[in-house]
A.B. asks: 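Sharing a structure below in structure tokens format, with a few things to ask.
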2 protein chains.
Amino acid sequence: MSGATSEQAVPIGTASRLSGVKVPTIRYYEEIGLLRPPARSEGNRRHYAGAELRRLAFIRHARELGFEIEAIRTLLALQDDPGQPCEAADAIARARLTEVEARIRSLMALRQELEQMVASGRHGVVGECRVIEVLADHGQCAHPHHHPPAVPGRAATAGPPRPKGRRPG
Amino acid sequence: MSGATSEQAVPIGTASRLSGVKVPTIRYYEEIGLLRPPARSEGNRRHYAGAELRRLAFIRHARELGFEIEAIRTLLALQDDPGQPCEAADAIARARLTEVEARIRSLMALRQELEQMVASGRHGVVGECRVIEVLADHGQCAHPHHHPPAVPGRAATAGPPRPKGRRPG
DNA sequence: CTTGCTCCTCCAGTCGCTGGAGGAATTAGC
DNA sequence: GCTAATTCCTCCAGCGACTGGAGGAGCAAG
């Protein structure tokens with residue numbers, strides 16, 4: 001909207017360089033409907049102009065912050081319709097913040113355990129290796145960072161490590 | 001090694017409950033060679049005894065700590081051979097610790113940005129929504145948490161968000 | 001003896017890309 | 001004008017680490 005110097009359309013490679021999003025990823029975003037199909041040249045090449053480039057930068061930034069594709073889809077829809085109430089966008093961001101906070105807590109617990117593992121200094125052989133030992137015996141963990149994996153009689157049916165997909169941020 | 005009360009073989013469902021690893025996941029571990037194929041009953045059912053159950057617990061714990069399958073493969077091989085030097089295991093654990101530390105730093109930067117996004121209080125419409133605004137304009141980020149996505153003339157060919165695969169810990 | 005549970009194998013799908021094959025079009029240099 | 005290099009096109013398979021469903025066999029209890 002404001003003073004963008006270059007409002008001309010650029011090919012996909014340039015869009016990639018400008019946004020930091022790889023070429024196949026840009027095409028992928030188009031395929032899944034995050035990015036609208038851009039205009040094509042005579043020779044069938046995609047050409048991206050200001051609006052699409054801004055959209056791409058938006059997506060990139062949101063991905064860096066770890067928003068899922070579906071969340072970004074919602075955010076983009078909201079952006080396209082500036083009269084909408086802002087609550088939905090706020091809610092998405094707050095949900096993401098909660099996730100990030102939980103993840104930080106979890107990682108800090110893991111860090112502590114890993115630190116204790118590697119802190120015991122160099123010892124010759126695996127037979128007396130603290131790393132292997134601690135991995136083999138969960139009871140040696142100082143703190144209950146993750147749910148106890150259940151040892152003796154019966155156990156929790158619930159969650160193994162984590163569900164699925166990657167998590168960028 | 002020490003006093004395991006039940007040394008009898010159990011079926012896969014029980015092994016799952018004991019270890020906290022889902023049944024299909026146990027079969028998957030066997031398929032990719034992390035777990036050795038256990039003995040089978042007459043009716044072709046898997047039966048897990050002490051050693052395999054311990055191996056499964058080891059894998060589970062290592063996965064919780066975010067070790068990749070290939071790292072776990074190495075750790076298991078080391079465990080099987082207690083005369084080996086411990087360095088390899090230490091190195092794997094230290095590498096993982098470094099990863100976790102980097103991830104914590106990155107997440108804390110994201111948290112900060114997300115906090116700023118949501119901190120601006122409730123405002124009516126998307127048109128003046130800080131969340132959307134900040135996402136659209138990377139320049140509004142307080143700190144350079146992620147590499148600048150390249151705006152004007154030329155830009156970095158290098159890395160978008162993150163490479164691949166999931167990351168549990 | 002039937003009901004209901006667990007188990008078997010096989011295979012496709014998840015998420016968010018990534019990269020290769022095979023070919024067309026554009027651009028750069030001579 | 002011609003060639004060579006680069007960029008682009010589409011299609012499709014693969015990554016990691018599972019997850020879950022279909023369709024069927026086995027087994028233990030009532």
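Heavy atoms only: backbone and side chains are in, while hydrogens, waters and symmetry mates are out. Within every chain, numbering begins at 1; the chains are lettered A, B, ... in the order of the sequence lines, protein sequences first and strands thereafter.
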A.B. asks: Please determine whether a side-chain nitrogen or oxygen atom of Thr25(B) lies at a distance below 4.0 Å from atom OP1 or OP2 of dA17(D).
C.D. replies: no
A.B. asks: Roughly how many Å is it from CD1 in Ile26(B) to P in dA17(D), rounded to a whole number?
C.D. replies: 18 Å
A.B. asks: Take the protein atom CD1 of Ile32(B) and the nucleotide atom P of dC18(D), then report the distance between them rounded to whole Å.
C.D. replies: 7 Å
A.B. asks: In whole angstrom, what separates Phe67(A)'s CZ from dG16(C)'s P?
C.D. replies: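 Answer to the nearest Å: 13 Å.
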A.B. asks: Is Arg60(B) paired with Glu64(B) through a side-chain N to carboxylate O contact shorter than 4.0 Å?
C.D. replies: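 A salt bridge links Glu64(B) with Arg60(B).
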A.B. asks: Going by an N to O cut-off under 4.0 Å, is there a salt bridge joining Arg27(A) and Glu30(A)?
C.D. replies: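 No.
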A.B. asks: Consider the side chain of Tyr29(B), meaning its heavy atoms from C-beta on, and name the nucleotide among dC7(C), dC9(D), dC18(D) that approaches it most closely.
C.D. replies: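 Closest nucleotide to the Tyr29(B) side chain: dC18(D).
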A.B. asks: Give a yes/no on whether any side-chain N or O of Arg46(B) is located under 4.0 angstrom from OP1 or OP2 of dT9(C).
C.D. replies: yes
A.B. asks: By nearest heavy atom, map Pro11(A) and Pro24(B) onto DNA chain D; which one lands nearer the 5' end?
C.D. replies: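 Residue closer to the 5' terminus by nearest nucleotide: Pro11(A).
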A.B. asks: Report the distance from atom CZ of Arg17(B) to atom C1' of dC7(C), rounded to the nearest whole Å.
C.D. replies: 12 Å
A.B. asks: Measure the spacing between CD1 of Ile12(B) and CD1 of Ile26(B) and express it to the nearest 0.5 Å.
C.D. replies: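 One finds 5.0 Å between CD1 of Ile12(B) and CD1 of Ile26(B).
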A.B. asks: Ile12(B) has a side chain; which of dC8(C), dC18(D), dT10(D) sits nearest to it?
C.D. replies: dC8(C)
A.B. asks: Measure from CD on Glu30(B) to C1' on dT9(C) and round the result to the nearest Å.
C.D. replies: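 After rounding, the reported distance stands at 12 Å.
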A.B. asks: Protein within reach of the bases, or only the backbone? For nucleotides 22-27 of chain C, mark each nucleotide 5' to 3' as B, S or -, using heavy atoms under 4.0 Å.
C.D. replies: --BBS-
A.B. asks: Of the listed nucleotides (dT10(D), dT9(C), dT19(D)), which one gets closest to any side-chain atom of Arg27(A)?
C.D. replies: dT10(D)
A.B. asks: Please compare Glu31(A) and His47(A) by the position of their nearest nucleotide in DNA chain D and report the one closer to 5'.
C.D. replies: His47(A)
A.B. asks: To the nearest Å, how far apart are Ile69(A) CD1 and dT18(C) P?
C.D. replies: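 One finds 11 Å between P of dT18(C) and CD1 of Ile69(A), rounded.
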A.B. asks: Which atom pair, heavy atoms only, marks the closest approach of Val10(B) to Ala15(B)?
C.D. replies: CG2-N, 4.0 Å
A.B. asks: Would you please confirm or rule out a distance under 4.0 Å between OP1 or OP2 of dG19(C) and any side-chain N or O of Tyr28(A)?
C.D. replies: no
A.B. asks: My understanding is that only one of Leu76(A), Ile69(A), Val21(A) makes a side chain to side chain contact (heavy atoms under 4.5 Å, CB included) with Ile59(A); could you say which?
C.D. replies: Leu76(A)
A.B. asks: Looking at Arg55(A) and Asp80(A), is any side-chain nitrogen of the basic one under 4.0 Å from a carboxylate oxygen of the acidic one?
C.D. replies: yes
A.B. asks: In whole angstrom, give the distance that lies between atom CZ of Arg63(B) and atom C1' of dT19(D).
C.D. replies: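 Those two atoms, CZ and C1', are 14 Å apart.
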A.B. asks: For Lys22(B) and dA17(D), is the shortest distance between a side-chain N/O and OP1 or OP2 below 4.0 Å?
C.D. replies: no
A.B. asks: Are any of the side-chain nitrogens in Arg111(B) or Glu101(A) under 4.0 Å away from the carboxylate oxygens of its partner?
C.D. replies: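 No, Arg111(B) and Glu101(A) are not salt-bridged.
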A.B. asks: Would you mind reading off the distance between Ile72(B) atom CD1 and dC18(D) atom P, rounded to a whole angstrom?
C.D. replies: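 The distance from CD1 of Ile72(B) to P of dC18(D) comes to 8 Å, rounded to the nearest Å.
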